[in-house]
Amino acid sequence: MGKKVRVNVKGSPPIEIPVQGLNGLTALKALSIDNMENIAAIKINGEIKDLPTKINSSAELEPVCMDSQDGLEILRHSAAHVMAQAVRDLFPGTKVTIGPAIKGGFYYDFDYERAFEAKDLPEIEKRMAEIIEEDLPFIRSEIPSSEAIDFFRSQGEPYKVELIEDLSEQKVTLYRDGNFTDLCRGPHLPSTGKIGAFQLTHVAGAYWRGDEHKAMLSRIYGVAFADQKSLDAHLKNLEEARKRDHRVLGRKLDLFSIREDLGPGMVIFHPNGAILRHIIEEFEIKEHLKRGYELAVGPQLLKTELWKKSGHFDHYRENMYFTDIEDQSYGIKPMNCLAHMLIYSSKVRSYRDLPKRYFELGTVHRHERSGVLHGLIRARQFTQDDAHILCSPDQLKTEIQNILDFVGEIMAIFGFHYDLEISTRPKKSIGTDEDWQKATKALIESVEEYNLPYQINQGEGAFYGPKIDVMLEDALERSWQCATIQCDFALPERFDLSYVGPDGEKHRPAMIHRVILGSIERFLGILIEHYAGAFPLWLAPVQAIILTITDRNIAYGKDLSEALSAADFRVETDFRNEKLSFKVREAQMKKIPYMLVVGDKEMETGSVTIRLRDGHNLPPVSSKELIARIRDESQKRR
RNA sequence: GCCAGCGUAGCUCAGCAGGCAGAGCAACUGAUUUGUAAUCAGUGGGUCGGGGGUUCGAUUCCCUUCGCUGGCUCCA
């Protein structure tokens with residue numbers, strides 16, 4: 001009788017079984033786990049492994065299901081692997097690079113004599129389906145790195161060689177299925193046949209190792225699921241999300257336009273968009289004044305000399321617009337900080353005055369590279385809800401935490417979930433190491449004291465200081481920076497800012513650049529997608545529309561309209577000689593929250609019938625009751 | 001900026017192995033006075049993104065340029 005070990009499924013009692021021939025698969029079978037078809041991999045003592053992994057000692061096991069987060073990742077990783085195999089079969093000479101699972105799918109980057117195009121995808125899909133049909137097992141092996149290098153060199157795969165050389169490990173793991181071997185940490189599905197449903201979605205260019213000085217590779221994106229139903233649901237969701245695109249809704253709801261003949265990246269706000277923007281800006285000013293900020297307004301053009309002094313000319317010039325007037329060079333502001341610093345330095349400051357918080361809805365211009373423009377979300381002109389806080393170094397942490405509170409409160413009003421990222425010193429930057437360390441520490445400690453989860457982005461800070469970024473997602477789950485809190489010890493130094501301390505000596509203030517919404521344009525873009533254009537009452541450009549049944553009701557409708565306007569509501573009227581269903585349809589497509597129907601019945605009883613945007617009808621109410629209702633809803637900001 | 005795809009009426013899109021440019025919606029005119037997502041009839045509307053080339057002839061093929069879309073890089 002051979003050696004026995006004790007294995008158990010997490011949360012259940014162990015059994016004792018012979019170790020001879022024991023692996024993840026046989027162990028789970030012995031533990032009578034059902035639905036083995038749906039298992040992608042196995043956790044052995046919490047570590048995800050391939051299902052056929054040998055088990056040599058007692059262990060706690062946990063099956064990883066295909067439709068779990070981990071299972072899907074494995075499935076997609078395997079699908080990427082199969083795609084690479086298909087591409088190599090169909091396009092000999094293709095060099096493979098990397099192909100990970102990502103949020104929502106997978107991709108693989110290839111180097112081929114030409115870029116792959118969308119029309120190549122059906123053929124690749126067909127070959128992938130064949131490989132999946134063959135149900136080839138994924139076979140894991142571990143070999144010395146030197147052998148792997150020789151192998152990939154013989155296969156004509158220089159990118160793999162480079163990867164292994166950079167890993168500088170003694171051994172690497174390979175996975176083989178059929179004729180295709182890939183460098184891969186794993187784990188993979190037991191076999192290709194387990195990939196239930198997949199689709200290749202789009203192609204794109206991508207630089208090798210994300211470096212724009214390196215080769216441009218050809219990337220193919222795809223999605224994969226355990227079954228067709230999940231894939232169909234996913235594709236349907238995507239389609240729905242695309243309908244929420246702020247560029248589409250911006251046109252449909254007549255909010256804004258961006259025109260080639262005016263200039264790319266420049267937004268024209270139409271009346272509906274302009275009022276929406278105005279509401280948010282007004283709201284922001286109030287919220288800032290409440291929190292001890294002071295309003296400031298700086299000029300659009302500042303002398304280039306000043307941009308040289310601040311460091312922007314050296315570090316940000318390629319993004320700035322310049323103009324020469326009467327032999328004097330000016331730069332259009334890409335940031336709002338300079339004027340605020342000049343306000344601070346306009347007189348002697350005492351420690352008793354600190355912190356000073358200057359707030360400006362500051363419009364900036366940045367020459368963004370043409371390929372990055374994206375509707376409102378990435379424009380060349382935008383307005384920031386910008387503030388600069390000058391404080392003593394020991395006030396820094398409190399100020400940062402106040403801002404984190406501010407962000408939390410505002411995001412809660414709009415119903416946004418957000419993620420935090422902290423960025424540290426980049427290569428191209430100004431200031432001393434000591435200052436950078438101090439500032440970075442202040443940011444990290446502030447976030448940690450709040451127990452907020454965050455991610456560190458090494459070397460991604462602004463040129464003048466480290467920052468906390470608040471990331472929001474658009475309809476397609478792309479992440480965008482909105483709020484940001486940036487420490488800066490450099491600019492107070494460069495502008496020789498000071499305050500007189502209790503000791504009567506001059507001291508250098510610390511400085512925070514911060515925005516809450518970020519760019520009003522970007523925030524609006526994400527907000528439009530967030531609400532799918534159906535804005536809550538307090539934001540809706542048109543809050544109510546009055547719909548008459550016949551011409552007899554027009555005078556009554558006008559009275560109601562005037563009453564609502566007098567109560568400060570944004571109201572429109574539709575008195576056209578059309579059927580009610582026609583007017584309802586149009587109002588519905590404009591996503592107007594309140595449709596107010598007035599016909600003969602309403603005139604008789606002095607009332608109005610409410611149809612809500614969700615299709616519900618409310619019993620008739622008087623105009624007084626209506627106003628009370630919408631005032632309440634508007635104040636609740638829901 | 002880089003890679004790929006795409007630019008046809010206000011919008012959404014057909015068309016084109018090179019031979020007089022189309023539909024639906026919108027707009028306008030008229031009729032209809034209507035009760036919760038489209039009343040009917042008629043009318044006007046285009047340098048087929050710009051420039052160049054090939055051709056008897058280019059919206060269609062080629063080059064170039066601008067813009068857009070998806071990624072990459074960069075960033076609010």
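Chain naming here is simple, since letters A, B, ... match the order of the sequence lines and numbering starts at 1 in each. Since the model is a prediction, treat every value here as computed from it, not as a measurement. Basis for what follows: all heavy atoms, side chains included, without hydrogens, waters or symmetry-related copies.
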Would you mind telling me which of [options] lies closest to the side-chain atoms of [X]?
X        : options             : answer
A:Thr550 : B:G71, B:U33, B:C74 : B:U33
A:Gln588 : B:C75, B:A37, B:G1  : B:A37
A:Met589 : B:C75, B:A37, B:C2  : B:A37
A:Arg366 : B:A37, B:C75, B:G71 : B:C75
A:Ala204 : B:A76, B:U39, B:G70 : B:G70
A:Val584 : B:A37, B:C11, B:U39 : B:A37
A:Leu373 : B:U36, B:C74, B:C68 : B:C68
A:Gln486 : B:A76, B:U39, B:A4  : B:A76
A:Val203 : B:U73, B:A4, B:A37  : B:A4
A:Leu580 : B:C3, B:U36, B:U39  : B:U36

Distance, [atom1] atom - from [M] to [N], rounded to whole angstrom:
N     : M     : atom1 : result
B:G5  : B:G18 : C1'   : 24 Å
B:G49 : B:C68 : P     : 16 Å
B:U54 : B:A14 : P     : 31 Å
B:G57 : B:C20 : P     : 15 Å
B:A41 : B:A26 : P     : 13 Å
B:U39 : B:G15 : P     : 30 Å
B:C6  : B:U65 : C1'   : 16 Å
B:G19 : B:U59 : P     : 10 Å

Aromatic plane relationship, A:Tyr464 with A:His312 - under 30° parallel, 30 to 60° tilted, over 60° perpendicular: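 Geometry flag for A:Tyr464 against A:His312: tilted rings.
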Across the strands shown, which category fits [X] at heavy-atom distances under 4.0 angstrom: base, sugar-phosphate, nothing?
X        : value
A:Thr609 : base
A:Glu586 : nothing
A:Glu368 : base
A:Ala118 : nothing
A:Lys252 : nothing
A:Tyr221 : sugar-phosphate
A:Val515 : nothing
A:Lys467 : sugar-phosphate
A:Ala483 : nothing
A:Gly210 : sugar-phosphate

Please state whether the phosphate of [N], meaning OP1 or OP2, lies under 4.0 angstrom from any side-chain nitrogen or oxygen of [X].
X        : N     : answer
A:His367 : B:C74 : no
A:Arg114 : B:A4  : no
A:Arg247 : B:G70 : yes

Separation of [X] atom [atom1] from [N] atom [atom2], in whole Å?
X        : N     : atom1 : atom2 : result
A:Asp600 : B:G35 : CG    : P     : 11 Å
A:Lys601 : B:U36 : NZ    : P     : 9 Å
A:Glu578 : B:C28 : CD    : P     : 11 Å
A:Arg378 : B:G71 : CZ    : C1'   : 14 Å
A:Glu477 : B:G71 : CD    : C1'   : 17 Å
A:Asp261 : B:C66 : CG    : C1'   : 12 Å
A:Glu521 : B:C75 : CD    : P     : 20 Å

When the ring centroid of [X] is compared with that of [Y], is the distance short of 6.0 Å?
X        : Y        : value
A:His374 : A:Trp480 : yes
A:Phe359 : A:His288 : yes
A:Phe322 : A:Phe313 : yes
A:Tyr321 : A:His367 : yes
A:Phe416 : A:Phe523 : yes

If pairing requires Watson-Crick or G-U wobble contacts with both distances under 3.5 Å, which nucleotide is the partner of [N]?
N     : answer
B:C2  : B:G71
B:G7  : B:C66
B:C61 : B:G53
B:A27 : B:U43

Judged by nearest nucleotide, the residue sitting upstream toward the 5' end of RNA chain B, A:Glu602 or A:Arg478, is A:Glu602
Closest-nucleotide 5' rank along RNA chain B - winner of A:Arg552 and A:Ala462: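 With A:Ala462 and A:Arg552 compared, the 5'-side residue is A:Arg552.
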Could you check whether A:Phe582 and the base of B:A38 form a stacked pair, meaning centres closer than 5.5 Å and planes differing by less than 30°? no
Give, for atom OH of A:Tyr454 and atom CD of A:Glu421, the distance between the pair rounded to the nearest 0.5 Å. 12.5 Å
Under the 3.5 Å rule, do the base of B:G71 and the side chain of A:Tyr207 count as making a donor-acceptor pair? no
Short N-O contact, A:Arg88 and A:Glu157, less than 4.0 angstrom: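 Salt bridge flag = yes for A:Glu157 with A:Arg88.
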Where is the tightest heavy-atom contact between A:Val267 and A:Ala379, given as atom of each residue plus distance?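 Scanning both residues completely, I find the closest heavy atoms to be CG2-CB, 4.3 Å.
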